Amino acid sequence: MTVKCSKCNNPAIIRIGYANLNLCKEHFIEYFESRFERIIEKYKMLEGSKKVAVAVSGGKDSTTLLHLMNKIKDKYGIELIGITIDLGINKHESKYSAKSVEYAIKNYELLGVKYKIVKVSEDYGFTIDDAAKKLRRPVCSTCGLTKRYILNKVAAELGADTLATAHNLNDTAQFVFHGYFSGDVENLARLRAIAPAEKGFIKKIKPLFLVPEKEIATYAIVKNIPFITDSCPYVALRLGSRSQTILRRKIEEIEDELPGFMAYLVENFENKIRPALEKEYGIKEEEKEGHRCKICGMPTPPGRDICSFCAIRLKLTSAINTI
Ligand code: FES
Ligand code: ZN
Ligand code: ZN
């Protein structure tokens with residue numbers, strides 16, 4: 001039997017468990033877009049923003065974020081610019097990075113959004129494939145560090161005052177859970193949906209932090225947004241963190257049994273737990289002053305001459321050049 005939409009007589013295409021709704025295509029699009037705006041409003045994400053850089057990897061989350069931001073840009077009086085990083089992940093002929101960049105560009109052109117592609121191999125002399133081969137640390141963590149560094153740097157160079165990234169509810173729930181599991185109170189205190197401009201960095205926002213991955217994927221499909229469906233080969237090979245992978249799966253299983261679990265976990269964390277942690281473990285006054293890396297000039301914690309990215313880059317480029 002086909003399930004009917006809770007708002008009209010058309011067949012439902014998705015069940016929103018936590019809201020006890022079954023929605024048809026039109027009503028889902030309406031629900032999804034207005035919920036996105038409500039989150040932007042509730043957390044005052046665009047207050048004071050004029051130029052927003054959107055990090056677009058070519059996957060469903062970031063391409064959807066680009067479309068949603070483009071939809072509201074005039075209402076909020078903001079200018080958009082896209083940033084895409086070519087990480088050089090082409091392991092086993094996967095051409096993962098090449099394809100991701102292609103999808104990102106398709107979306108920029110479709111929407112007429114200006115963009116910048118940063119090629120890590122050209123600008124920094126290594127690829128994430130090199131990092132996987134030459135470094136003894138998990139490749140996903142080198143990749144994450146590289147992405148954060150480049151996005152912060154390039155967004156500021158492009159004159160943006162805000163950087164928007166597409167972390168979704170499942171990602172955020174996973175980070176919160178992992179923080180509890182590992183007792184990483186400092187990272188938890190800094191896990192914010194909006195990070196104001198500080199320590200020499202521009203403001204950062206995560207407009208999808210309360211939006212479940214399933215809804216984003218459904219929206220991207222029904223709106224015919226072009227996105228890459230391949231997964232990163234390193235994630236597929238389980239070279240990422242095993243505990244992160246297991247925690248994510250378990251959180252999603254709980255959500256199936258207890259709809260709304262992820263949103264409660266993340267909203268309670270953001271509104272109640274994190275502010276308490278911030279008092280004890282948040283950014284310290286001395287960090288706010290913004291020490292600079294001696295090599296690249298980007299902000300680095302006090303007491304450190306070079307930033308973590310430059311340290312990794314030096315190690316990696318010297319490993320590449322010694323045979
Ligand atoms: Fe960074 Fe896969 S996208 S390691
Ligand atoms: Zn309907
Ligand atoms: Zn540096």
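Counting starts at 1 for both ligands and their atoms, in listed order. For this chain, numbers begin at 1 and follow the sequence in order. Keep in mind that this is a model prediction, so the values were computed, not measured.
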Angular separation of Cys8 SG and Cys5 SG about the Zn ion (ligand 2), given to 10°: 110°
For ligand 1, which atoms sit closer than 4.0 Å to a heavy atom of Lys147? 1 (Fe), 3 (S)
Is it possible for you to check whether Lys25 lies under 6.0 Å from the centre of the six-membered ring of Phe28, through NZ or CZ, and within 45° of that ring's axis?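 Pair Lys25/Phe28 does not count as cation-pi.
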Quick one: give me the number of protein N/O/S atoms under 2.8 Å from the Zn ion (ligand 3). 4
Which atom of Lys315 lies closest to which atom of Ser318, heavy atoms considered: O-OG, 3.2 Å
Donor-acceptor contact below 3.5 Å, side chain [X] vs main chain [Y]:
| X | Y | result |
| --- | --- | --- |
| Lys203 | Met45 | yes |
| Lys206 | Arg192 | yes |
| Tyr108 | Ile81 | no |
| Asn107 | Gly58 | no |
| Asn152 | Arg148 | yes |
| Glu186 | Tyr281 | no |

What is the name of the N/O/S atom in His27 that sits closest to the Zn ion (ligand 2)?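 The His27 atom nearest to the Zn ion (ligand 2), restricting to N, O or S, is ND1.
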In terms of ring plane angle, is the pair Tyr219 and Phe32 parallel, tilted or perpendicular, where the classes change at 30° and 60°? parallel
According to a hydrophobic-cluster definition based on side-chain heavy atoms being under 4.5 Å apart (Ile, Leu, Val, Met, Phe, Trp, Tyr only), do Val52 and Leu111 belong together?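 Both belong to a single hydrophobic cluster.
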Ring-ring centroid check His178 Phe181, cutoff 6.0 Å: yes
With a cut-off of 2.8 Å, how many protein N, O or S atoms neighbour atom 2 (Fe) of ligand 1? 1
